[in-house]
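Right, one structure below, let's go through it.
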Amino acid sequence: MNIKGLCAGVLILLFWQPLFVTAEIADRAAYLSDFAARAAIKWPDNRTMTIVCHGHSVPAGYFNGNLVKTFDSYPHLAHVELSRRFSYAVINVIVTAIGGENSERGAARFARDVLALSPDVVTIDYALNDRRIGLERAEKAWRSMIEAALAANIKVILLTPTGHLKADFNNPNEPLNQHAGQIRKLAGEYGVGLADSWLEFEKAAKTQGGLTAYMSQTNHPNRKGHELVAAQLVQWFPSIMEK
């Protein structure tokens with residue numbers, strides 16, 4: 001190879017190298033350490049800590065037959081546990097989820113309904129309904145919300161889909177498997193938190209012989225299913241000595 005060709009090859013390698021850099025999901029022990037430190041401060045030096053749960057019918061608390069059970073849904077269950085963990089903190093968990101919505105519609109109102117609340121942490125949960133719009137459109141919408149939150153210095157936790165009685169966990173072409181994979185990839189790329197609900201429901205299905213015990217209907221978990229999600233969420237909030 002002549003010098004000109006060698007230089008061109010080096011330049012191509014330099015420009016393309018970032019494409020091969022693998023990012024990682026945030027460190028669970030450290031990602032929300034600032035939140036935990038602030039939440040552990042006693043009055044009068046404390047402040048209200050705000051978590052916003054954005055998404056579709058599942059975080060909105062819909063169960064079977066469109067019955068809403070707010071206090072059996074994972075935002076409330078996580079709120080209860082965090083209030084125990086940080087007993088001197090005023091913690092607000094605000095649900096901005098809308099039943100039937102997909103991530104495109106959620107992204108369109110993200111600034112108005114989420115960023116305007118100046119949350120410390122935002123969770124995003126749209127994968128069940130994103131099957132209707134496909135991976136490409138969903139990815140664009142999720143990126144929009146993640147980037148907007150990070151630009152506002154807000155911590156982000158992405159959620160893979162909750163269980164579905166008709167889904168095939170073992171089929172790589174299963175849309176929910178594909179959306180779960182895409183969400184994991186986004187969490188790694190942006191270095192944000194990941195509550196892998198889909199993995200927890202998959203484990204439950206394999207150990208319990210199915211998901212019936214965790215579902216209120218085909219696509220909505222019952223309280224036991226919501227407890228799986230809440231447990232994943234609260235793991236991101238480290239317990240530290242209260243001040």
Side-chain angles (χ1 to χ4, degrees), residues 18-36 50-56 58-59 74-75 78 82 93 95-97 101-107 110-111 114-115 119-131 133-164 167 169 172 174-204 221 225-226 228-238:
L19 295 178
F20 297 95
V21 175
T22 302
E24 295 182 355
I25 295 168
D27 179 0
R28 185 175 291 178
Y31 187 55
L32 296 182
S33 59
D34 288 346
F35 178 101
T50 302
I51 302 167
V52 171
C53 295
H54 197 54
H56 50 37
V58 175
Y74 74 75
L82 292 177
V93 175
V95 177
T96 57
E101 187 173 73
N102 60 47
S103 61
E104 284 183 330
R105 292 171 61 185
F110 195 74
V114 177
L115 298 184
D120 297 280
V121 180
V122 60
T123 71
I124 301 174
D125 183 359
Y126 276 108
L128 282 176
N129 289 353
D130 277 350
R131 291 171 297 168
I133 63 174
L135 290 166
E136 184 175 351
R137 288 168 59 185
E139 181 179 0
K140 182 178 179 181
W142 283 68
R143 286 186 184 276
S144 170
M145 291 185 282
I146 295 165
E147 291 174 7
L150 295 180
N153 199 31
I154 299 166
K155 300 292 187 180
V156 178
I157 302 177
L158 307 182
L159 285 88
T160 56
T162 46
H164 195 291
F169 289 103
E174 163 63 50
L176 289 174
N177 276 330
Q178 294 177 339
H179 280 275
Q182 180 165 274
I183 294 163
R184 293 171 187 138
K185 177 184 174 183
L186 290 171
E189 180 178 338
Y190 287 98
V192 299
L194 176 72
D196 203 340
S197 308
W198 188 247
L199 179 60
E200 294 307 303
F201 277 84
E202 181 180 8
K203 290 177 182 176
H226 278 274
L228 293 179
V229 185
Q232 284 292 301
L233 277 180
V234 299
Q235 286 182 27
W236 284 93
F237 295 82

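This structure is a prediction, so every number in the text was calculated from the model and none was measured.
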With His54 via ring-ring contact (aromatic ring centres under 6.0 Å, His included) - residues at least two apart
Phe110, Tyr126
Could you tell me whether Glu136 and Lys140 make a salt bridge, using a distance below 4.0 angstrom between a side-chain N and a carboxylate O?
no
Taking side chain to side chain donor-acceptor pair (under 3.5 Å) as the test, write out the residues that go with Thr123, two or more places apart.
none
Restricting to ring-ring contact (aromatic ring centres under 6.0 Å, His included), what partner residues turn up for Phe201, sequence neighbours left out?
none
Short side-chain to backbone donor-acceptor contact, Asn129 and Glu101, under 3.5 Å
yes
Please list, chain by chain and in numerical order, all residues satisfying ring-ring contact (aromatic ring centres under 6.0 Å, His included) with Trp142, sequence neighbours excluded.
none
List the steps and the verdict of side-chain contact (heavy atoms from CB on, under 4.5 Å) for Trp236 and Val121.
CA-CA 11 Å; Trp236 284 93; Val121 180; over 6 Å; no
Check whether any side-chain heavy atom of Gln232 sits under 4.5 Å from a side-chain heavy atom of Leu194, and report yes or no.
no
Donor-acceptor pair, side chain of Arg105 and main chain of Asn102, under 3.5 angstrom:
no
With a 3.5 Å cut-off and sequence neighbours excluded, list the donor-acceptor pairs that the side chains of residues 146-158 form with protein atoms.
{"from": "Glu147", "atom 1": "OE2", "to": "Tyr190", "atom 2": "OH", "distance (Å)": "2.4"}

May I ask you to decide if Ser197's main-chain N or O and Thr160's side chain share a donor-acceptor pair within less than 3.5 Å?
yes
Name all residues meeting the side chain to side chain donor-acceptor pair (under 3.5 Å) criterion together with Ser103; count only those two or more places apart in sequence or in a different chain, and write none if there are none.
Asp130
Quick check: do Leu176 and Leu128 have side-chain heavy atoms less than 4.5 Å from each other?
yes
So Phe237 and Phe35, would you call those rings parallel, tilted or perpendicular, with 30° and 60° as cut-offs?
perpendicular
